[in-house]
Asker: 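One structure coming up, written as structure tokens, with questions to follow.
Quick caveat: nothing in here was measured; it's all calculated off a predicted structure.
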Amino acid sequence: MGQLTTRERDLAAAILVVLAVVGIAMAAAGRADPLGIHGAIVLLYSLALLYLIMSTSFGPAPDPSRVSRYYDDPIKVGVAFTLFWAIFGMFFGLWAAAQLAWPSLNFDTAWASFGRIRPAHTTGVIFGFGGNALISTSLHVVQRTSRARLPDQLSPWFVLFGYNLFCILAVSGYFIGVTQSKEYAEAEWYADLWLVIVWVTYFVLYIRTLARRREPHIYVANWYYMAFILVVAILHIINNLTIPVSLGHAKSYTIWAGVQDSMVQWWYGHNAVAFFLTAGFLAMLYYYLPKRAERPIFSYRLSILSFWGITFFYMWAGSHHLHYTALPHWVQNLGMTFSVMLLVPSWASAGNALLTLNGAWHKVRDDATLRFIMMAAFFYGLSTFEGSFLAVRPVNSLSHYTDWTVGHVHAGALGWVALITYGSLYTLVPAIWKRERMYSAALVEVHFWLASAGTVIYVFAMWNSGIIQGLMWRTYSEEGTLTYSFVDSLLAMYPYYIARTFGGLLFLIGAIVATYNIWMTVRDVPVAGTERHDDVPLAGPVPEAAATGPAE
């Protein structure tokens, strides 16, 4: 906060006062309704931040030379949020997985039931962990590749703290029974409205930074980040068009009805995977892979072609979630066809990443951070192939509603999203804290093997479990009756649910190891004379030309 000007501090204080008044209004209108509880949370959150602002109001004026350097303070706080939500979300995922094997672990309480901690897990991991990682890395990448400082110092703080307020409202709401019952969109109307304000600010901040760039070229990672920000905004607004019961109640009802609601939901749900969990993290891949490997991307043209292929094809694929439903058959066919076509741009990105490592495989052997990124590219190729395969209707008839889908999702979430995030963080953290290297290379190695083993155990357990489920559910006797009851299939799943829990435990331990290693890196003393490319003043030479220029 010390780098904020007096005007920026005053504006921040005014925003927080308005937000505190909104919290008081929510608490007063909601009273005993969950809306009242969330109003109190908004009020306390605003007052805590207001205290931070006021405590620096009489501090020294910011250093005038700061404008000649990149603005990394919000990124540092974003990394901390990322690590917190990683442990939070993965812990609740482990708890939810354990409940499937040992149901008594809900302790006979409502807030700890599977139906409430499961969305806490998905929101904590996808939006808390993934969202904060995307915001932090995007602010890092756009400054370096544009050779331009962020246009102001208040907007990034508003985006960061505003976004985490949304995450807190969403997760706390699940524990007290507040939900829209929509996959990946469970937060209620007032949290959704707040996220729209934050997200539009994020988009404007990103565009303003690009407009200030000192490079005529917009590096490909920024294309992917822009697509992620813009499309997620459109998806979020359209899928969350709801009418609240009243301004004093948390509950709302969607404007979409029947099969239209399902179609809009899975248009949103699959494109949340496409642009939140794919496009944004591909931006990380296209920046941090060549940066870490110290090699240009294999084919810059291919990366652009992949971008447009993914952007166009993904938009039409959501209806493959609704095979064998009341959705019109031609719409199901459309989703299936585009899902198969998606394999081309998806594998183009995965192949582009792996081919970038030609001539640098010795670094993969010796550098666990680069191995994180390489393994993420491998899992990206694997999960995109599997996604296209599962979208084919005859395959979907076996896989849908089974644990095979869970295995597919986690091959992407653990193997792709989490691994590329940690590989990016291990590259980012020493750079912005001006450390020569991570605190412990051995702990990075330990984390890699914990994460890899946990992912493989989890995914293979769910693949086996899902295929067995699908086969048991469709096995008929000679009399034409079902051979196995649903309880029989549950009993068959039991060992796989234990294996799944063990795999999740390994991954959570790895996340804790990473948090400790990053914390110790931050606490370390900067090494004199070890300035990196990221430290080059804005008026100096292009910081990234050697590492991220196109090969063609």
Side-chain angles (χ1 to χ4, degrees), residues 97 118 122 125-126 183-184 262-263 265-279 281-282 306 309-310 312-351 376-418 455-475 489 492-493 496-497 500 503:
R118 193 265 180 181
T122 55
V125 170
I126 296 173
E183 186 79 347
Y184 312 137
S262 298
M263 186 167 63
Q265 160 57 29
W266 283 112
W267 169 76
Y268 162 87
H270 199 76
N271 284 299
V273 172
F275 291 92
F276 203 98
L277 299 178
T278 299
F281 291 93
L282 280 173
S306 298
I310 288 172
F312 180 70
F313 291 161
Y314 247 123
M315 276 292 182
W316 303 89
S319 58
H320 74 230
H321 288 266
L322 297 169
H323 284 323
Y324 304 102
T325 68
L327 195 70
H329 203 261
W330 71 268
V331 181
Q332 298 179 34
N333 286 339
L334 187 73
M336 178 176 66
T337 303
F338 275 93
S339 297
V340 174
M341 293 165 65
L342 258 175
L343 189 60
V344 176
S346 298
W347 270 29
S349 287
F378 168 78
F379 269 105
Y380 175 67
L382 173 68
S383 57
T384 51
F385 168 77
E386 186 184 19
S388 297
F389 182 62
L390 294 179
V392 177
R393 189 179 288 104
V395 180
N396 193 267
S397 68
L398 173 69
S399 69
H400 206 40
Y401 307 117
T402 73
D403 290 331
W404 191 349
T405 303
V406 179
H408 164 62
V409 169
H410 284 80
L414 300 179
W416 159 237
V417 170
T455 301
V456 170
I457 291 171
Y458 191 113
V459 171
F460 269 89
M462 291 297 95
W463 281 347
N464 282 276
S465 171
I467 293 171
I468 291 172
Q469 273 179 321
L471 292 174
M472 291 181 73
W473 292 350
R474 66 196 299 176
T475 301
S489 69
M493 298 308 103
Y496 297 110
Y497 286 165
R500 166 196 197 172

Asker: Checking H400 side chain against H321 main chain: does a donor-acceptor pair fall under 3.5 Å?
Answerer: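 Here the side-chain-to-backbone pair exists.
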Asker: If you round to the nearest 0.5 Å, how far is CZ of F389 from OG of S399?
Answerer: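 CZ of F389 is found 8.5 Å from OG of S399.
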Asker: What distance separates L390 CG from H323 NE2, expressed to the nearest 0.5 Å?
Answerer: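 The CG atom of L390 sits 10.0 Å away from the NE2 atom of H323.
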Asker: Check whether Y268 reaches the backbone of Y184 with its side chain - one donor and one acceptor, N or O, closer than 3.5 Å.
Answerer: yes
Asker: Is there a donor-acceptor pair closer than 3.5 Å between any side-chain N or O of T384 and the backbone N or O of S346?
Answerer: no
Asker: Take W266 and L327 through the test side chain to side chain contact (heavy atoms under 4.5 Å, CB included) and record every step on the way to the result.
Answerer: CA-CA 11 Å; W266 283 112; L327 195 70; over 6 Å; no
Asker: List the steps, then state whether side chain to side chain contact (heavy atoms under 4.5 Å, CB included) holds for F338 with F312.
Answerer: CA-CA 9 Å; F338 275 93; F312 180 70; 3.7 Å; yes
Asker: Step by step, work out the side chain to side chain contact (heavy atoms under 4.5 Å, CB included) result for W473 and T402.
Answerer: CA-CA 10 Å; W473 292 350; T402 73; 3.6 Å; yes
Asker: If you take all heavy atoms of T278 and V273, which pair is closest and at what distance?
Answerer: OG1-O, 2.8 Å
Asker: For residues Y324 and N396, is any side-chain donor paired with an opposing acceptor at under 3.5 Å?
Answerer: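 On atom types as modelled, these side chains do not qualify, holding no pair under 3.5 Å.
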Asker: Rounded to the nearest 0.5 Å, how far apart are CH2 of W267 and OG of S319?
Answerer: 13.0 Å
Asker: Give, for atom CD1 of I467 and atom CE of M462, the distance between the pair rounded to the nearest 0.5 Å.
Answerer: 11.5 Å
Asker: Compare every heavy atom of S349 with every heavy atom of I310, then report the nearest pair and how far apart it is.
Answerer: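 Nearest heavy atoms, I310 then S349: CD1-OG, 4.1 Å.
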Asker: CH2/W330 to OG1/T337 distance, rounded to the nearest 0.5 angstrom?
Answerer: 11.5 Å
Asker: Specify the closest pair of heavy atoms between A350 and A377, including all atoms of both residues, with the distance to one decimal.
Answerer: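 In terms of heavy atoms, the two residues are closest at CB-O, 3.9 Å.
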Asker: Using only atom types and a distance under 3.5 Å, with no angle test, would you say the side chain of S465 pairs donor to acceptor with the backbone of A461?
Answerer: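 Checked: no pair found.
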Asker: On a heavy-atom basis, which atom in G381 and which in W347 lie closest, and how many Å separate them?
Answerer: O-NE1, 2.9 Å
Asker: Within a strict 4.5 Å, meaning less than it, do heavy atoms of the F378 and W416 side chains meet?
Answerer: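 No, every pair of side-chain atoms sits at 4.5 Å or beyond.
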Asker: Is L277 close to I126 at the side-chain level, that is, under 4.5 Å between some pair of heavy atoms?
Answerer: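 Side chain of I126 against side chain of L277, heavy atoms only: contact under 4.5 Å found.
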Asker: Decide yes or no on side chain to side chain contact (heavy atoms under 4.5 Å, CB included) for R393 and N333, but give the supporting numbers first.
Answerer: CA-CA 8 Å; R393 189 179 288 104; N333 286 339; 2.7 Å; yes
Asker: Of the non-hydrogen atoms in P394 and S397, which two are nearest, and what is the gap between them?
Answerer: O-OG, 2.5 Å
Asker: Could you tell me if E386 and W404 have a donor-acceptor pair between their side chains, going purely by distance under 3.5 Å?
Answerer: yes
Asker: Nearest heavy-atom pair of L414 and A418: which atoms, and what distance?
Answerer: O-CB, 3.4 Å
Asker: Among all residues two or more places apart in sequence or in another chain, which pass the ring pair (Phe, Tyr, Trp, His ring centres under 6.0 Å) test with H320?
Answerer: H270
Asker: Quick check: does any side chain N or O of Q469 sit under 3.5 Å from a backbone N or O of M493, one acting as donor and the other as acceptor?
Answerer: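 Absent.
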Asker: Find the distance between NE2 (H410) and CG (D403) and round it off to the nearest 0.5 Å.
Answerer: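 CG of D403 is found 10.5 Å from NE2 of H410.
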Asker: May I ask you to check whether over 12 heavy atoms, not counting those of W463, lie within 6.0 Å of atom CH2?
Answerer: yes
